Amino acid sequence: MKKLALHWQILLGMVLGVLVALLLNNFSWGANFIGDWIKPFGTIFINALKLIAVPLILASLIKGVSDLKDISSLSKMGLRTISTYVITTVIAVSIGLMVVNVVKPGSTITEDTRNELVEAYGGEAQKRKEQADMQKEAGPLQALVDIVPDNIIGASSNNRNMLQVIFFAIFFGIGLILIPEATSKPVKDFFDGFNEVILKMIDIIMLAAPYGVFALLAALVVEAPSADLFAALGMYAVSVIIGLALMIGVYLLLVWGFTKKTPKFFLNGISPAQLLAFSTSSSAATLPVTMERVEEHLGVKKEVTSFVLPIGATINMDGTSLYQAVAAVFIAQAFGMDLSLGAQLGIIVTATLASIGSAAVPGAGMVMLVIVLAQAGIPEAGLALIFAVDRPLDMCRTVVNVTGDAAVSMMVAKSQGKLGEPHVKNWDDDYKH
Ligand code: ASP
């Protein structure tokens with residue numbers, strides 16, 4: 001029998017997960033059964049992916065930087081990467097602002113619903129606010145200080161410190177470029193081999209992806225809040241989703257325009273990573289698969305993927321910034337505030353910075369939203385309004401975050417002459433058709 005392509009397998013796993021959860025939810029024991037016997041497999045799957053993230057970044061970035069051979073190509077690529085990331089993020093926030101101003105989802109919220117939501121989710125909103133306060137209390141340069149770890153083992157022990165690991169890997173790679181080749185060769189060969197092993201491990205983990213996402217989605221369905229609240233927030237959710245869909249369209253156009261690769265080619269290559277981003281709500285957990293897909297299926301050379309993607313997963317969050325813009329204006333509308341043009345332009349700046357500062361884990365975008373709200377003078381209690389639908393929107397915005405990283409890596413690769421043909425290797429052949 002011909003095997004289904006991986007993205008179909010994952011999609012099937014997702015649909016079955018939702019259906020099984022809806023079915024079991026009809027029984028009194030259903031939710032407990034899913035929590036005790038199905039959810040753990042989802043957790044194991046995510047853990048396995050996260051387990052790979054730090055060694056993958058270390059191995060691939062060290063190899064990627066040292067392959068560049070000289071510091072000037074490194075800084076050229078670095079500059080191009082960061083500037084493209086910032087440009088796409090500003091486009092994303094602008095799209096978000098445009099959609100939310102046209103749809104005006106906040107005006108559909110009645111005062112009763114608003115009070116009900118604030119009552120139901122006020123406590124949760126307070127927790128997010130406290131987390132954000134901790135970040136705000138720090139001085140203006142704290143973000144910079146946080147990039148430089150004082151202990152690499154300590155930094156590698158927490159996936160939230162990805163930027164610190166990236167810093168160490170780039171620094172190490174620079175050191176490797178600067179020493180004589182005879183001395184650097186064994187070190188490079190070691191990381192080369194190490195990298196191959198990690199890629200093989202990802203292949204093995206991905207064989208379990210359909211089952212993993214089945215478990216993840218089943219658990220999400222039984223843990224979801226009541227449907228009534230979803231309905232009240234329907235227009236807001238629709239606005240975020242329209243914005244995110246437009247952003248995907250922007251990527252397809254950019255990739256097409258810059259690299260002449262068709263949308264079909266791009267989507268076929270990246271779709272398993274997108275589905276995984278949707279199921280895990282974490283760009284960091286998806287990173288190993290994003291790297292494999294972009295390199296092997298989109299034809300971006302390793303020197304580019306290993307540099308552009310880990311950095312993108314941590315700082316380039318277009319979906320998150322778009323969502324922050326929509327959420328901020330939605331909350332303002334729900335509280336009957338009229339935001340001036342100046343305030344909305346301010347949102348472009350803060351949402352861009354806040355998305356750079358968001359960790360690549362579930363729900364991080366909402367914590368940083370507090371800062372966007374505070375800056376624009378929008379009541380932070382408004383977080384309670386959007387809490388009920390945050391998880392599904394987190395899933396959608398993570399898809400955009402990951403797609404954006406892939407699109408930018410293709411554009412950077414093209415500009416550096418490092419975009420080749422796809423070269424599927426390993427066990428991919430099993431699920432390629
Ligand atoms: N979950 C998102 C990510 O990992 C971040 C966020 O918007 O919450 O990309």
Side-chain angles (χ1 to χ4, degrees), residues 42 45-47 49-50 52-54 56-57 85 88-89 92-93 95-96 124-125 127-129 131-132 135 158-163 166 213 216-217 220 236-237 239-241 243-244 247-248 251 270 273-291 294 308-328 330 347 350-373 383 386-409:
F45 176 63
I46 296 206
N47 284 353
L49 282 171
K50 289 189 187 155
I52 297 291
V54 167
L56 176 70
I57 291 181
Y85 277 151
T88 53
T89 306
V93 185
I95 290 183
E124 288 295 339
K127 268 194 225 147
R128 298 298 179 282
K129 194 172 145 356
Q131 285 172 13
Q135 308 207 9
N158 186 345
N159 281 346
R160 280 182 178 264
N161 294 338
M162 209 90 102
L163 224 44
I166 290 177
V213 297
L216 287 172
L217 283 218
L220 271 181
Y236 157 68
S239 309
V240 175
I241 290 170
L244 294 175
M247 196 59 208
I248 298 265
Y251 294 137
I270 197 66
Q274 289 176 318
L275 293 173
L276 216 59
F278 184 81
S279 317
T280 61
S281 281
S282 167
S283 327
T286 313
L287 179 66
V289 179
T290 318
M291 290 187 75
V294 172
V308 178
L309 288 173
I311 295 179
T314 8
I315 68 163
N316 182 50
M317 302 210 178
D318 299 343
T320 300
S321 63
L322 188 151
Y323 140 86
Q324 285 169 339
V326 176
F330 165 76
I347 290 179
T350 47
T352 302
L353 294 177
S355 70
I356 291 175
S358 304
V361 295
M366 193 174 203
V367 174
M368 297 305 276
L369 174 61
V370 176
I371 293 171
V372 180
L373 294 179
L383 275 193
I386 56 169
F387 202 86
V389 287
D390 199 62
R391 184 59 197 244
L393 294 181
D394 191 2
M395 297 160 80
C396 299
R397 64 190 188 240
T398 309
V399 172
V400 172
N401 291 345
V402 166
T403 311
D405 298 341
V408 170
S409 61

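None of the values given here were measured: they were computed from a predicted structure. Indexing begins at 1, ligand by ligand and atom by atom, following the structure's order.
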Less than 3.5 Å between some nitrogen or oxygen of Met366 and one of ligand 1, yes or no?
no
Is Ala364 close to ligand 1, meaning an N/O of one under 3.5 Å from an N/O of the other?
yes
Considering heavy atoms of the protein only, find what lies nearest to [atom] and give residue, atom and distance to 0.1 Å.
atom: atom 6 (C) of ligand 1; answer: Gly365 N, 3.2 Å
atom: atom 2 (C) of ligand 1; answer: Thr398 OG1, 3.3 Å
atom: atom 9 (O) of ligand 1; answer: Ser283 OG, 2.3 Å

So, for Leu244 and Gly319, which heavy atoms are closest and what is the spacing to 0.1 Å?
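Shortest heavy-atom contact: CD2-CA, 3.6 Å.
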Test of understanding: with side chain to side chain contact (heavy atoms under 4.5 Å, CB included), list the residues that count as partners of Thr290, not counting sequence neighbours.
Ile270, Ala273, Thr286, Val294, Leu309, Val402
Residue-level breakdown please: for Val402 versus ligand 1, do any non-hydrogen atoms fall below 4.0 Å on the side chain, on the backbone, on both, or on neither?
neither
Which atoms of ligand 1 have any heavy atom of Thr320 under 4.0 Å away?
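Listed by number with element, the hits are 5 (C), 6 (C), 7 (O).
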Can you list the ligand 1 atoms lying under 4.0 Å from a non-hydrogen atom of Gly363?
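Numbered from 1, ligand 1 contributes 8 (O).
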Under 3.5 Å, side chain of Asp318 to main-chain N/O of Asn401, donor-acceptor pair present?
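Side chain of Asp318 to backbone of Asn401: no pair is present.
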Between Tyr323 and Gly243, is there a donor-acceptor pair closer than 3.5 Å when you use the side chain of the first and the backbone of the second?
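Answer holds: no.
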Is there side-chain contact between Thr352 and Ser321, with heavy atoms separated by less than 4.5 Å?
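No, their side chains stay 4.5 Å or more apart.
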Quick one about Ser355 and Gln324 (side-chain donor to acceptor, distance below 3.5 Å, no hydrogens or angles considered), yes or no?
no
Quick one: do the Thr398 and Asp394 side chains pair a donor with an acceptor below 3.5 Å?
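Judged by distance alone, the side chains do pair up.
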Looking only at heavy atoms of Ser282, does any of them come nearer than 4.0 Å to an atom of ligand 1?
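For ligand 1, residue contact (heavy atoms, under 4.0 Å) with Ser282 is present.
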